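Every heavy atom of this structure was used, including side-chain atoms; hydrogens, water molecules and symmetry mates were not. Remember, predicted model here, so these are calculated numbers, not experimental data.
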Amino acid sequence: AKNQISALKGTAAETKAQREAIQLETEMSVTKIVEDASKTRLSIHAEESKRQASKIQEEGKAYYEIVTRTEQNSLASWAQAYAKGTLSAEEYEKGKTDISRRAAMQRFQYQTQFLEDELAAVEGNEELVAAVRQKIKDAELSNEQEVNKPIVADSEGAAQKRIAAG
């Protein structure tokens with residue numbers, strides 16, 4: 001009887017060990033499934049973010065082109081008015097500067113809005129977020145250069161006139 005009790009205790013210990021091994025294996029499998037699902041979810045989110053960012057970029061380019069075409073048409077009309085003699089040279093130059101400055105501001109406003117939309121679309125993907133933040137900084141610098149370009153050109157023109165007159 002003692003041998004039978006001892007054998008039963010051994011069997012119970014083995015059964016308990018087997019249950020614990022199965023439970024541990026199940027927990028590891030569940031953990032792996034959860035990790036794989038998380039990776040898949042992140043991958044899907046990243047791809048969707050890239051798709052949305054690309055769409056936003058295309059819309060931004062279209063708006064940029066519209067503003068540029070409008071600027072070119074306005075400058076052409078302004079040049080025609082000058083050629084007809086309805087504007088003085090000073091009015092013509094000031095008008096060109098104003099048209100270019102307004103267009104530059106519109107382009108910057110659209111570009112900034114689209115970049116902010118793009119930033120929201122890629123939230124959670126640090127690599128893409130960093131890239132969009134860099135685009136925003138580049139846009140700000142480009143805007144400053146574009147806005148100041150006519151001012152510099154006007155100043156250089158005035159300086160050349162003073163030199164020629166002096």
Side-chain angles (χ1 to χ4, degrees), residues 27-166:
E27 288 173 4
M28 289 173 49
S29 294
V30 168
T31 300
K32 176 145 178 41
I33 290 169
V34 169
E35 288 173 356
D36 290 348
S38 179
K39 287 177 186 176
T40 301
R41 186 174 55 253
L42 289 174
S43 175
I44 290 169
H45 177 70
E47 289 303 315
E48 179 62 18
S49 295
K50 286 178 185 178
R51 189 189 65 72
Q52 286 179 355
S54 178
K55 181 180 176 186
I56 290 167
Q57 288 170 0
E58 288 176 24
E59 289 175 17
K61 286 177 187 176
Y63 277 96
Y64 188 92
E65 289 174 14
I66 289 168
V67 170
T68 299
R69 271 189 259 122
T70 301
E71 175 190 22
Q72 290 169 346
N73 291 340
S74 295
L75 289 172
S77 296
W78 203 250
Q80 287 174 352
Y82 177 66
K84 290 178 183 177
T86 58
L87 299 172
S88 69
E90 186 177 313
E91 290 172 321
Y92 172 68
E93 291 301 324
K94 183 179 180 332
K96 277 184 12 180
T97 301
D98 290 344
I99 290 168
S100 294
R101 187 174 292 136
R102 277 195 310 271
M105 288 304 298
Q106 283 181 324
R107 278 190 291 269
F108 177 68
Q109 289 169 347
Y110 284 132
Q111 186 176 26
T112 301
Q113 181 59 49
F114 284 108
L115 286 171
E116 288 172 3
D117 292 347
E118 185 178 345
L119 186 61
V122 298
E123 188 176 321
N125 184 329
E126 291 307 313
E127 184 179 321
L128 293 177
V129 166
V132 173
R133 285 193 176 134
Q134 184 60 49
K135 286 182 189 179
I136 291 171
K137 289 178 186 176
D138 292 345
E140 290 169 348
L141 178 62
S142 176
N143 179 60
E144 288 298 319
Q145 291 171 341
E146 192 169 345
V147 167
N148 291 325
K149 192 184 324 179
I151 296 169
V152 171
D154 288 348
S155 297
E156 289 173 349
Q160 288 175 353
K161 286 179 184 176
R162 284 194 301 272
I163 291 170

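A donor-acceptor contact shorter than 3.5 Å links the side chain of T68 to the backbone of Y64.
Residues A103 and V67 approach most closely at O-CG1, 3.5 Å, considering heavy atoms. Shown here for F114 and I56, the closest heavy-atom pair between the two residues is O-CG2, 3.1 Å. When all heavy atoms are compared, the tightest approach of N143 to A104 is OD1-O, 3.6 Å.
Each side chain to side chain donor-acceptor pair (under 3.5 Å) pair with one or both residues in residues 77-88, not counting sequence neighbours, appears once here: S88-E91. The side chain to side chain donor-acceptor pair (under 3.5 Å) pairs that include a residue from residues 131-141 are E118-K135, Q134-D138, where partners are two or more places apart or lie in different chains.
With a 4.5 Å cut-off on side-chain heavy atoms, Q111 and I136 do not count as touching. Between E58 and K55 the shortest side-chain heavy-atom distance does not fall below 4.5 Å.
Rounding to the nearest 0.5 angstrom, the gap separating the CD1 atom in I33 from the OG1 atom in T40 is 11.5 Å.
Tested against E71 for a salt bridge (charged side-chain N to carboxylate O under 4.0 Å, His left out), the candidates R107, K96, R102 yield a single pass: R107.
Between the side chains of Q52 and E48, a donor-acceptor pair is found at a separation under 3.5 Å.
Around the OH atom of Y92, the shell of radius 6.0 Å holds more than 12 heavy atoms that belong to other residues, nucleotides or ligands. For CD of E90, the number of neighbouring non-hydrogen atoms (other residues, nucleotides, ligands) closer than 6.0 Å is 12 at most.
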All N/O donor-acceptor pairs, side-chain side in residues 121-130, below 3.5 Å, sequence neighbours left out:
unit_1, atom_1, unit_2, atom_2, d
N125, OD1, E127, N, 3.3
N125, OD1, L128, N, 3.3

